[in-house]
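Values below: every heavy atom of this structure, side chains too, minus hydrogens, waters and symmetry copies.
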Amino acid sequence: MKIVDLSRELYHRTPSYPGQPPIIHGVWKTHEEAFAESGNVQGNSVMFFSMPDHGGTHIDAPRHFGKDATPINEYPLENCIVKGICIDLRHIAPKAEIMPADLEAAVKKAGVPVPEKGTVLLCTGHHERTFPRKEYATDNSGVNVAATEWLAKQGVVHFGIDSMRPGPEGKVNSLVHKACLDLDITHIESLCNLEALLGKGEFTFIGLPMKWRGGTGSPIRAVAVFDL
C-alpha cells in the first residue's frame with residue numbers, strides 16, 4: 001500500500017482559527033531533569049500541549065453545528081474510514097464561492113464517481129499558496145450552501161478542504177455549517193497535500209478523531225491509502 005499524509009504539522013503557535021485559543025506545545029520535563037530525578041538511571045522527557053478541538057487538521061462533530069447534536073466521542077467511526085476521491089478546484093479564485101457546477105465539472109474531470117457513504121476532498125490549492133502567511137486565515141475559496149447540498153445528494157458522509165473553513169469567510173461559511181447540520185453531513189478542515197491525490201483515482205480515507213467527551217470536533221491524522 002501507499003500512504004499519503006494529508007495532515008498539517010502541529011507545533012507551538014501553529015496558525016489557528018481567528019478568535020480561538022492558540023496551540024501551545026512545550027517541554028514539561030527535560031531528559032536532564034528526569035535523569036537527575038531518577039537517581040541518574042533514566043531520563044524520560046515529557047512534553048505537553050493545549051489546543052482547541054478545532055486546531056490543525058480536524059473534523060467537525062455535528063455538536064459543532066447544533067447544541068444537541070452528536071458530540072465527537074459518539075461520532076460513528078465507520079464514517080472515519082471511507083472511500084474517497086479528490087477533485088481539482090485550484091482554478092477557483094481566492095475568496096470565491098464554489099458552485100455545484102464547479103463540483104460537477106471537477107468530478108467529471110477526475111474520471112471517478114463520488115463514492116456512496118464516502119468523502120470528497122476539495123483541492124483548492126489554498127494551503128499550498130498561503131500557509132503559514134496571514135492570508136491562510138482569510139482568503140480561502142469554499143463551497144456555498146447549494147454546493148454543500150450537491151455534495152450531500154451524492155451520498156457522502158463528509159467532505160474535506162485544504163483551508164480553515166468549508167465556505168468563504170463570512171456569512172456564507174456560517175450558512176454552510178448550518179446546512180451541514182440540516183443535511184446530516186460534516187466536513188474536515190485544514191487538510192494539506194491534496195495536490196498529491198489529483199489524478200490518482202479512488203483511495204481509502206482515514207481520519208480518526210480523539211475521544212473527547214462532549215467534544216465539538218477533534219484533530220485527526222488524515223491519510224489517503226492506495227492499494228498497490
#### Entry: Test log, rule side-chain contact (heavy atoms from CB on, under 4.5 Å), inputs L197 and L6
CA-CA 10 Å; L197 306 181; L6 309 175; 3.9 Å; yes
Can [Y] be reached from [X] by stepping across I, L, V, M, F, W or Y side chains whose heavy atoms are under 4.5 Å apart?
{"X": "I23", "Y": "F48", "answer": "no"}
{"X": "L121", "Y": "L151", "answer": "no"}
{"X": "I85", "Y": "I161", "answer": "yes"}
{"X": "L183", "Y": "F159", "answer": "yes"}
{"X": "I188", "Y": "V143", "answer": "no"}

Heavy-atom closest contact ([X] atom, [Y] atom, distance):
{"X": "C86", "Y": "A110", "answer": "O-CB, 4.3 Å"}
{"X": "G167", "Y": "N140", "answer": "O-ND2, 3.0 Å"}
{"X": "P168", "Y": "G142", "answer": "CD-O, 3.5 Å"}
{"X": "G201", "Y": "V112", "answer": "CA-CG1, 4.1 Å"}
{"X": "A61", "Y": "I72", "answer": "CB-N, 3.6 Å"}
{"X": "C180", "Y": "T148", "answer": "SG-CG2, 4.1 Å"}

### Query
Pairs in or reaching into residues 30-55: which pass salt bridge (Lys or Arg N to Asp or Glu O under 4.0 Å), with residues at least two apart or in two chains?
K29-E37
### Task
Mind jotting down which residue pairs meet the salt bridge (Lys or Arg N to Asp or Glu O under 4.0 Å) criterion with at least one end in residues 182-199? Sequence neighbours excluded, please.
K178-D182
Starting at [atom1] of [X], measure out to [atom2] of [Y] and round the result to the nearest 0.5 Å.
{"X": "D227", "Y": "E202", "atom1": "CG", "atom2": "CD", "value": "10.0 Å"}
{"X": "L208", "Y": "N79", "atom1": "CG", "atom2": "CG", "value": "11.0 Å"}
{"X": "E78", "Y": "K117", "atom1": "CD", "atom2": "NZ", "value": "11.0 Å"}
{"X": "S16", "Y": "M164", "atom1": "OG", "atom2": "CE", "value": "6.0 Å"}
{"X": "I87", "Y": "C123", "atom1": "CD1", "atom2": "SG", "value": "9.5 Å"}

Side-chain ([X]) to main-chain ([Y]) donor-acceptor, under 3.5 angstrom:
{"X": "T57", "Y": "I220", "answer": "no"}
{"X": "T186", "Y": "D60", "answer": "yes"}
{"X": "N173", "Y": "G170", "answer": "no"}
{"X": "N73", "Y": "K211", "answer": "no"}
{"X": "T70", "Y": "E74", "answer": "no"}
{"X": "Q154", "Y": "W150", "answer": "yes"}

Side chain to side chain, [X] and [Y], heavy atoms closer than 4.5 Å:
{"X": "I92", "Y": "D102", "result": "yes"}
{"X": "V114", "Y": "T119", "result": "no"}
{"X": "K95", "Y": "S141", "result": "no"}
{"X": "C80", "Y": "P209", "result": "yes"}
{"X": "V4", "Y": "V223", "result": "no"}
{"X": "P15", "Y": "F131", "result": "yes"}
{"X": "L103", "Y": "V120", "result": "no"}
{"X": "N144", "Y": "P100", "result": "yes"}

### Task
Could you tell me whether R221 and D5 make a salt bridge, using a distance below 4.0 angstrom between a side-chain N and a carboxylate O?
yes
#### Entry: Test salt bridge (Lys or Arg N to Asp or Glu O under 4.0 Å) applied to K108 - qualifying residues, sequence neighbours left out
none
#### Entry: Stepwise side chain to side chain donor-acceptor pair (under 3.5 Å) test for T204 and K83
CA-CA 5 Å; T204 298; K83 295 298 181 181; 3.2 Å; yes
Considering only residues two or more places apart or on different chains, which pairs with a residue in [range] satisfy ring pair (Phe, Tyr, Trp, His ring centres under 6.0 Å)?
{"range": "residues 192-228", "value": "H158-F205, F203-F226"}
{"range": "residues 65-87", "value": "F65-H177, F65-H187"}
{"range": "residues 25-44", "value": "none"}

### Message
The test is side-chain contact (heavy atoms from CB on, under 4.5 Å); show your working for F49 and H12 and say whether it passes.
### Response
CA-CA 8 Å; F49 63 87; H12 184 63; over 6 Å; no
#### Entry: Check: S190/R8 side-chain N/O donor and acceptor closer than 3.5 Å
yes
### Query
Without hydrogens or angle criteria, can the side chains of D162 and T124 be said to hold a donor-acceptor pair below 3.5 Å?
yes
### Task
Among H54, H58, R63, find the residue that satisfies the side chain to side chain donor-acceptor pair (under 3.5 Å) test when tested with T216.
H54
### Message
Show, in sequence, the C-alpha distance, side-chain angles and deciding distance for L175 and V172, and conclude whether the side-chain contact (heavy atoms from CB on, under 4.5 Å) test is met.
### Response
CA-CA 5 Å; L175 291 172; V172 172; 5.5 Å; no
### Task
Kindly state whether the ring of H126 and the ring of Y136 have centres lying under 6.0 angstrom apart.
yes
